[in-house]
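These notes are about the structure you will find just below.
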Amino acid sequence: MLIVSGPVGGSEHHRAGHPERPTRIRAVMAGIDELHLGTDLETVHGEPADRQQLTRVHSASYLDELTAFCKAGGGDIDPDTYATEDSWLTARSAAGAGLAAIDALRQHHDGVAFVAARPPGHHALRDRAMGFCLLNTIAVAAAALVSEGERVLIVDWDVHHGNGTQEIFWDDPNVLYVSTHQWPLFPGSGTAGEIGGPHARGHIVNVPLPPGATGDVVRRAIDEVAFPVIDNFAPTWVLVSAGFDAHRADPMADLALSNGDFADLARTVAGFAPRPGRLALFLEGGYDLVALQASVTATLGALLGAPYEAEDTTAGGIGSEMVSQAKAERADALGRTDLVMPPGGLL
Amino acid sequence: MTPIRTIAVGFDGSSDAQAAARYALELADQLGADLVFVHAAGLLEHIDEPQVVLDLEETVWVLTSEAGIDPGRARWHVHDGDPCSVLLRAGDPPISADLIVVGSRGQGNHVGLPLGSTSHELAEHTTIPILIVPKGKTSNR
């Protein structure tokens, strides 16, 4: 069974000409329709996240400032990120959609959830919006699970490093954050030497990849660098920052994945969940609408065992040596006795 | 006091950044220091980055020429990331700056920065001296 939470942001939070646009949600929903799931599809609509749920991951002062900014009509937050009058409600609704997805999975004890919501969230820091992101939707869901004693694995296969998610859970031993991403690329963080704070050393796993890296390289990163850590962590829940901008057609970056690679990755990541009903995917990036739609179809089709058409998986691109470097750099960081601080002094 | 041999200027092309650049150009001239223009490339710049950087380089060339300084003395450093994180690393190689110069506000409204802008967050976290050029300030004389 597929539980779709949303859609959120199909018309709201809109800036003409901006690539992070409502049409992305239409592409996502069209990708789900392609699977013709019938009664195996359930749609849920959550309430906007409330202040208590949001302050688990964001500062009260930031929430107040964002509220006031949107109420005043919004504008440019930074050269990438905008807010409109309705962005505050849309972002809260996106966060609420993530929580509703978790609730629905709990009720069913089965299935997979997909949070079809925007704006994306993984760049949003504890006290700052950035990188198209206002509220960190997946972090809100993970923090809710942690508050109930769960151990949460977050796999982030968006082409950009999820610096916000990393910052929020930097020193949280109940969260394991795994990211594969193009590097160098915005936001500039995500080296393999970033391994987490003193209470959570090793709970950040970054594998930066060069432009042109193909699906086999990403799979190797997961298998060789992340899997041993995940196996040891033994998550009780698995959440995925499912950005699809690592697709070779995406205009925002230069990795070379196909939609078949996302299907392959999804099957691998599903294997990290302890049992059915413990896997939720959250939409992050993905700006080529055709690639986005087809990637959603392939990803969810693979997870559900539904028939779908997909591109072949990719192999032979550069980057294998960077996986080896990441392993070495990570081992070196873990062996150091000094505390490793997050990059950029953003904490 | 550490001699100021290299000055890093945060530059996003905004009017405040241009004011900071003019100030830094004069300061570099007075001190005989090298100047590095630092630009943080955001998400959107990936789509049309070459043109963005070309436009910024042209603006800096004009500012440098107007200041009567050899444009060859100014270097460029473009790095992916948000402006604050990129500038916080300006004290490290390859820039190894002794001083950071920024405008009081760049592009955007900086929601979430309690004191209002990247410059204030920089001031809070920097490990090397920072000089914030007030809006409208064009000369250090």
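Throughout, a chain's letter reflects where its sequence line sits, starting with A, and its residues are numbered from 1.
In plain terms, the two heavy atoms of B:His46 and A:Leu185 that are nearest each other are ND1-CD1, 3.5 Å. Among all heavy-atom pairs drawn from B:Cys84 and A:Arg128, the shortest one is CB-NH2, 4.0 Å.
Put simply, the side chain of A:Asp80 gets close to the backbone of B:Leu44: a donor and an acceptor are under 3.5 Å apart. With hydrogens and angles ignored, the 3.5 Å screen pairs no side-chain donor or acceptor of B:Asp80 with any backbone N or O of A:Pro187.
Heavy-atom neighbours of B:Trp76 CH2 from other residues, nucleotides or ligands within 6.0 Å: above the threshold of 12. Within a 6.0 Å sphere centred on CZ of B:Arg73, other residues, nucleotides and ligands contribute more than 12 heavy atoms.
Neither the backbone nor the side chain of A:His58 comes within contact range of chain B, judged by heavy atoms closer than 4.5 Å. Only the side chain of A:His160 has a heavy atom closer than 4.5 Å to any heavy atom of chain B. Using a 4.5 Å cut-off between heavy atoms, A:Tyr82 does not touch chain B at all.
Contact annotation: the side chain of B:Leu43 never approaches that of A:Met130 to less than 4.5 Å [non-hydrogen atoms, C-beta and beyond].
Residues meeting the side chain to side chain contact (heavy atoms under 4.5 Å, CB included) test with B:Pro129, sequence neighbours left out: B:Leu99.
With chain B as partner, the option from A:Leu134, A:Asp254, A:Thr81 having the largest number of non-hydrogen pairs under 4.5 angstrom is A:Asp254.
Taken to the nearest 0.5 Å, the CG atom of A:Asp78 stands 10.5 Å off from the CG atom of B:Asp12.
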